[in-house]
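Just so it is clear, the model here is predicted, and its values are computed rather than measured. Each chain gets a letter, A, B and so on, in the order its sequence line appears, and its residues count up from 1.
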Protein chains: 2
Amino acid sequence: MAVMTTAADTSEEGCGDARSVYRAACPCRDMLDLLANKWSALALGALEDGPRRFGALRTRLQGVSPKVLTQTLRRLEEHGLVDRTVYAEVPARVEYRLTPLGADACAPLAHLRSWVEQNIDRFPGG
Amino acid sequence: MAVMTTAADTSEEGCGDARSVYRAACPCRDMLDLLANKWSALALGALEDGPRRFGALRTRLQGVSPKVLTQTLRRLEEHGLVDRTVYAEVPARVEYRLTPLGADACAPLAHLRSWVEQNIDRFPGG
DNA sequence: TCTCCTGGTACCCATTGGGTACCATGGCAG
DNA sequence: CTGCCATGGTACCCAATGGGTACCAGGAGA
């Protein structure tokens with residue numbers, strides 16, 4: 001996943017000062033990879049106005065398969081962008097909600113989504 | 001690529017009115033997939049302040065392999081975000097530059113990149 | 001007992017991401 | 001005249017990942 005190519009980061013050890021997505025070894029790279037992703041962008045946006053259950057998210061993100069949705073949500077959870085709460089009910093109820101960090105991340109992603117929707121006609125064959 | 005699942009878009013045929021990245025059949029989905037991508041976001045950003053040659057881009061996007069860079073740029077070209085100009089010199093010189101559409105797309109992507117760089121410390125283990 | 005509901009997981013396959021090696025062209029050093 | 005280099009890729013290969021379908025658990029309700 002992290003590239004960590006042999007050379008390339010000769011003068012950068014873990015990106016001491018200059019945080020930059022353009023540096024291969026900077027953790028920013030991984031975060032960008034996490035957020036700059038179709039399903040992440042959609043999932044975070046779907047949680048923007050409150051907690052949602054797995055099934056509700058599956059409906060909102062039309063065309064997502066359960067496996068991919070699970071993967072996406074787990075990855076977002078690992079990185080502290082969403083919280084996952086399991087209620088011991090029957091049938092099991094699971095709620096996903098944004099963390100404060102996740103809520104903040106929504107802003108740039110919302111810009112991106114709405115830019116796409118507003119400019120789709122400008123794309124060749126769009 | 002486009003999912004086009006059997007059901008799911010029963011009431012949507014190519015997303016007639018409601019443009020939404022949340023609809024599986026909407027072309028917005030493909031555009032989001034194109035832009036919400038690590039290398040696309042980096043490549044477009046690298047072209048923000050003027051045309052760049054292939055080699056220069058390769059240097060800027062630390063850790064990118066030539067093949068992946070080519071793929072990324074070609075895909076952006078296909079979708080009208082960048083222009084590719086080959087100069088018949090020796091050795092061949094190839095310049096990439098943003099189209100007006102590509103330049104516009106840079107804004108939301110720049111937000112995303114800088115959000116990541118400014119919030120990287122808030123990530124667990126960041 | 002049989003079925004339904006939720007929120008997944010197991011398993012499998014195709015696509016793709018990605019790396020390394022190599023190529024074509026002509027200038028230029030030798 | 002012969003390498004050798006630089007640029008901008010492509011060819012080939014592999015592993016990971018994306019993604020789909022099938023299935024499961026576990027109790028409620030009929």
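Rounded to an integer number of Å, the gap from CG of B/Leu34 to P of C/dG17 is 11 Å. The interatomic distance linking B/Leu42 (CG) with C/dG17 (P) rounds to 15 Å, in whole Å. Across the protein-nucleic acid pair, B/Glu89 atom CD and C/dG26 atom C1' stand 12 Å apart, rounded to whole Å. In this structure, OH of A/Tyr87 is placed 20 Å from C1' of D/dG27, rounded to the nearest angstrom. Atom P of nucleotide D/dT21 and atom CG of A/Leu69 are separated by 15 Å, given to the nearest angstrom. Separating the CG atom of A/Asp30 from the P atom of D/dA16 is a distance of 16 Å, rounded to the nearest angstrom. Counting to the nearest Å, the P atom of C/dG7 and the CZ atom of A/Arg52 are 13 Å from each other. Protein atom CG of A/Asp33 is 13 Å distant from nucleotide atom C1' of C/dT16, rounded to whole Å.
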Encode nucleotides 6-13 of chain D as B, S and - characters from 5' to 3', where the letter depends on protein heavy atoms closer than 4.0 Å: B to the base, S only to sugar-phosphate, - to neither. BSSBB-B-

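Residue B/Gln71 places at least one side-chain N or O under 4.0 Å from the OP1 or OP2 atom of C/dG17.
Stacking of B/Arg93 on the aromatic ring of B/Tyr87 is recorded, both the 6.0 Å distance cut-off and the 45° axial limit being met.
The CH2 atom of B/Trp115 sits 8.0 Å away from the CG atom of A/Leu109 when rounded to the nearest 0.5 Å. Between B/Arg60 atom CZ and A/Tyr22 atom OH the span is 7.0 Å, to the nearest 0.5 Å.
Using cut-offs of 30° and 60° on the angle between ring planes, the pair B/His111 and A/His111 is tilted. Ring geometry for B/Phe54 against B/Tyr96 counts as tilted: the plane angle lies between 30° and 60°, on a 0 to 90° scale.
Considering only residues two or more places apart in sequence or on other chains, B/His79 meets the ring-ring contact (aromatic ring centres under 6.0 Å, His included) condition with none of them.
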